[in-house]
Protein chains: 2
Amino acid sequence: MSRAVTLRDVARVADVSAKTVSRVVNGDAHVTPSTRERVQRAIDDLGFEPNLVARSLRVGRADAIGLVVESLADPFFARLTSAVEQAALERGLAVMISSVGDLPDREAVVVRSLLVRQVAGLIVVPVAETHAHLEDPRQRTPVVFVDRRPDGMDGDAVVVDDLAAAETATRHLLAHGHRRVGFLGSQTRNPTTRLRLEGYRRALAAHGVAEDPALVALGAGTAQTAREAAEQLFAGPQPPTAVFASNMRCSLGLVPFLHSSGRTDVAVVGFDDFPMADSLLPAVTVIDHEPEAVGRAAAERLFRRLAEPDVPAETVVVPVRLVQRGSGELPPPAGTTGPRGADGGEDDPGRTTDAPVQQDGTREWEMAQEGGGRS
Amino acid sequence: MSRAVTLRDVARVADVSAKTVSRVVNGDAHVTPSTRERVQRAIDDLGFEPNLVARSLRVGRADAIGLVVESLADPFFARLTSAVEQAALERGLAVMISSVGDLPDREAVVVRSLLVRQVAGLIVVPVAETHAHLEDPRQRTPVVFVDRRPDGMDGDAVVVDDLAAAETATRHLLAHGHRRVGFLGSQTRNPTTRLRLEGYRRALAAHGVAEDPALVALGAGTAQTAREAAEQLFAGPQPPTAVFASNMRCSLGLVPFLHSSGRTDVAVVGFDDFPMADSLLPAVTVIDHEPEAVGRAAAERLFRRLAEPDVPAETVVVPVRLVQRGSGELPPPAGTTGPRGADGGEDDPGRTTDAPVQQDGTREWEMAQEGGGRS
DNA sequence: CTCGCCCGTGTCAACGATGTCAAGGTTGAT
DNA sequence: ATCAACCTTGACATCGTTGACACGGGCGAG
């Protein structure tokens, strides 16, 4: 259990000052090659590794970023996390990760726990109802919001156009003749859910369909509770003939329920693609957005801000697309349909791009200046 | 952009020394109530938050643990990570995470990057071929291996009995009459894959079935490459009638391939449960082990070691069970079967527990002293 | 040749917290 | 009353690194 090797140890062996060793370690150009070589040899001989905690204290910032997500068990956030971690590693930054779970109040706690560790920046999936706990720290630590933006806060964000995407999904079902379209979501205090619910409502309104409160099931925070919410949705006297599952966990609860109860005739569109979606019968139609793309965009945005603290805030809108696989194109059972035929003419065949611009596969994203495009 | 509030600032306001503030912050009992109250008020007034980086430097350890997994995009590791993070949060520890991806050499890099940040301990899913890069640091930083144990290393570990589980899975297929059973796995330098392949071989041998190299497909590191490997498996003149997918990514590649090519008559047993497995037709039979249980057990083990560095190393074996859902019980097509009937008498009906002991739902795990149970 | 500049290197202090030790005060036992 | 033991509190050094600054020497410009 010998003490770790420090700069001073190296300095003694190389017969220079600690400062010079520091210069070599940090690749400072102002070191004579011969000195550099001597120091380097001492470093190698002793197996010196710089203590990043000490460095962090000295420079006032840890070389780590914090990531706060809703749930790591959700494959969407897991893949997002993976992309962030990847991008951070390329820049030599560590990633401290925290998940909030379904206790929104914990967001403030985990954010604080990251801030006291002096993270250089934060990427946050906002979950809490208010974000006052972020206002103050943002003066010192840049924050990039991802997946959604908290109410009334400006700043950098990487989002999808939830409202438009949800409206598209719902219109898709309506266009296939459904009039009793269910909505499955988590909490309305979750801004994402609220926006998606609003999109759902707009689609209904556009089609002149009155909203039936019995068709809106909320409280689906996990696959388990989503399943229960779905059960209730179908327990009523007039169950839906189609359902919009407004996030991956909802799909993961809804779809197994429909399968296990033999209701695979119900049309489904899910928000977020999920594993196996295209191997089910029918395969599940989804609104897809790549979590890796979202994660990477958020990380890049944060890095840019760390490099240039004073550039104006940007909102990156990640495109989504409707992937038609079958479940979303099921017709309603005879007798429940409205005036339109089952083959609604609203959608393009095949894969339809509903987002403002199509991703081109590189890292070019549509960028919108602050405030653009949100309602 | 005002400077952060420090101990000294609080000390000045409360008219005490910095040391006393430190005592209050750390709950030291030797402070007069009146002083404590005065200091506390100053802390609240100023909004003081201790700088954990400074504390870490002083005490020589960061209050964070490192977690190194193979891939966060794999839901198994994502859920494991979630459990570790949860357990760490309860103890006020941060979690720094790194994934290795499919470049085993990166393991040493990411481990190093965590060590220089002075993590108090590491939880590592071993991926690299050698773990010499861990030998030395382990003197200072405890390491718990999880999911598998690297060759020839002792120390704390939380594992599943890969060999026995894979043998069980393969026997299950053989018992249902299959004689051409395929194996889908990643790399044989991955100890997990090697053990599972060995289990597969033992099952074949036990049933007197000769191994056919054409039925062993390796190199499936991602769902995509797994799909390609599966395609090759079925491209040969004598394709398998059953396949053992030796990890989740393999299942995630194999199953969609079988579905999209209309080969849902092929029997499948997967290692690791995956989302939607029970909603597919046929539902997928799997060897299930709870990633949350594995993660939590690893975290608990690490915490115990941090508290008592000198207790002997322990290996925690997490139980697995075979979950029969249909795909693993499919009979071989007529004409390919051996002497046994389709309804092999080897397995119990319903859910079978193959691990040494059944988990009882609490945190009691079967503990094995070092060296027990591995071959 | 001299002045000034830059280059290589070193000295010193500081980042913000805490361990060590000691001072002064109080309490209790004799 | 006296002394020991204890309690509260503070001064100081220190964790390992880096920023600010200084110093001496070489070199180019005038």
Side-chain angles (χ1 to χ4, degrees), chain A residues 1-40 42-43 46-64 92 115-120 140-141, chain B residues 1-40 42-43 46-64 92 115-120 140-141:
Chain A
M1 205 63 108
S2 56
R3 206 174 45 76
V5 179
T6 75
L7 270 190
R8 307 192 100 79
D9 299 325
V10 176
R12 202 173 317 116
V13 169
D15 197 33
V16 294
S17 74
K19 179 76 229 209
T20 298
V21 180
S22 169
R23 289 194 178 98
V24 172
V25 169
N26 293 303
D28 188 318
H30 300 291
V31 180
T32 312
S34 69
T35 312
R36 175 186 307 281
E37 196 186 331
R38 188 154 37 95
V39 170
Q40 189 60 55
I43 288 174
L46 297 177
F48 167 74
E49 306 264 14
N51 181 328
L52 260 37
V53 169
R55 174 183 297 169
S56 295
L57 173 60
R58 183 64 243 243
V59 305
R61 301 240 73 102
D63 46 3
L115 288 173
V116 293
R117 291 180 169 88
Q118 313 295 116
V119 291
R140 284 180 25 87
T141 308
Chain B
M1 203 65 100
S2 56
R3 203 174 46 78
V5 180
T6 75
L7 270 189
R8 307 192 99 78
D9 299 326
V10 177
R12 202 172 317 114
V13 169
D15 196 33
V16 293
S17 75
K19 180 72 224 204
T20 297
V21 180
S22 168
R23 289 195 179 96
V24 171
V25 170
N26 292 300
D28 189 316
H30 298 293
V31 180
T32 311
S34 69
T35 312
R36 175 186 308 282
E37 195 186 335
R38 187 155 36 96
V39 170
Q40 189 60 54
I43 288 175
L46 298 177
F48 167 73
E49 305 263 14
N51 181 328
L52 261 35
V53 168
R55 175 183 295 168
S56 295
L57 173 61
R58 185 62 243 249
V59 304
R61 300 240 74 101
D63 47 2
L115 289 174
V116 294
R117 290 179 169 88
Q118 313 295 115
V119 291
R140 281 178 31 84
T141 309

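Protein chains get the first letters and strands the later ones, always in sequence-line order, with residue 1 at the start of each.
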S.K.: To the nearest 0.5 Å, what is the distance between CG on Leu46(B) and CG on Leu7(B)?
M.R.: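 Leu46(B) atom CG to Leu7(B) atom CG measures 11.5 Å (nearest 0.5 Å).
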S.K.: Between the main-chain N or O of Ala18(B) and the side-chain N or O of Ser22(B), is there a donor-acceptor pair closer than 3.5 Å?
M.R.: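 Checked: no pair found.
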S.K.: List in numerical order all residues of residues 31-38 of chain B for which some heavy atom is under 4.0 Å away from an atom belonging to DNA chain D.
M.R.: Val31(B), Thr32(B), Thr35(B)
S.K.: Please round to the nearest 0.5 Å and tell me the distance separating atom CZ of Arg8(A) and atom OG of Ser17(A).
M.R.: 9.5 Å
S.K.: Rounding to 10 degrees, work out the angle separating the end axes of the helix from dC1(C)-dG30(D) to dT30(C)-dA1(D) (five pairs an end).
M.R.: 40°
S.K.: Keeping the roles fixed (side chain from Arg117(A), backbone from Asp63(B)), state whether a donor-acceptor pair exists under 3.5 Å.
M.R.: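 It does hold such a pair.
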S.K.: Which two nucleotides bound the region of DNA chain D that has atoms under 4.0 Å from heavy atoms of chain A, read 5' to 3'?
M.R.: dG16(D) to dA20(D)
S.K.: Check Ala62(A) against Ser56(A) and note the closest heavy-atom contact, atom names and distance.
M.R.: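 Heavy atoms only, the tightest pair is CA-OG, 3.3 Å.
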S.K.: Using the side-chain contact (heavy atoms from CB on, under 4.5 Å) criterion, which residues pair with Thr35(B)? Sequence neighbours excluded.
M.R.: Val16(B), Thr20(B), Val31(B), Thr32(B), Arg38(B), Val39(B)
S.K.: Nearest 0.5 angstrom please: Arg58(A) CZ to Asn51(A) CG, how far?
M.R.: 14.5 Å
S.K.: Summarise protein proximity over nucleotides 12-24 of chain C in one line of letters, 5' to 3': B for base, S for sugar-phosphate only, - for none, counting protein heavy atoms closer than 4.0 Å.
M.R.: -BBBBBBBB----
S.K.: Could you list the residues that satisfy side-chain hydrogen bond (donor to acceptor under 3.5 Å, both in side chains) with Arg61(B), not counting sequence neighbours?
M.R.: Thr141(B)
S.K.: Report yes or no: does Asp28(A) contribute a side-chain atom to a donor-acceptor pair with the main-chain N or O of His30(A) at less than 3.5 Å?
M.R.: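 Yes; judged by distance alone, with no hydrogens or angles, the pair exists.
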S.K.: Minimum heavy-atom separation for Val116(A) and Pro50(B), please, with both atom names.
M.R.: CB-O, 3.6 Å
S.K.: Going from CG on Leu52(A) to CZ on Arg55(A), what distance comes out if it is rounded to the nearest 0.5 angstrom?
M.R.: 5.0 Å
S.K.: Which atoms form the tightest heavy-atom contact between Phe48(A) and Val5(A), and what is the distance?
M.R.: CD1-O, 3.4 Å
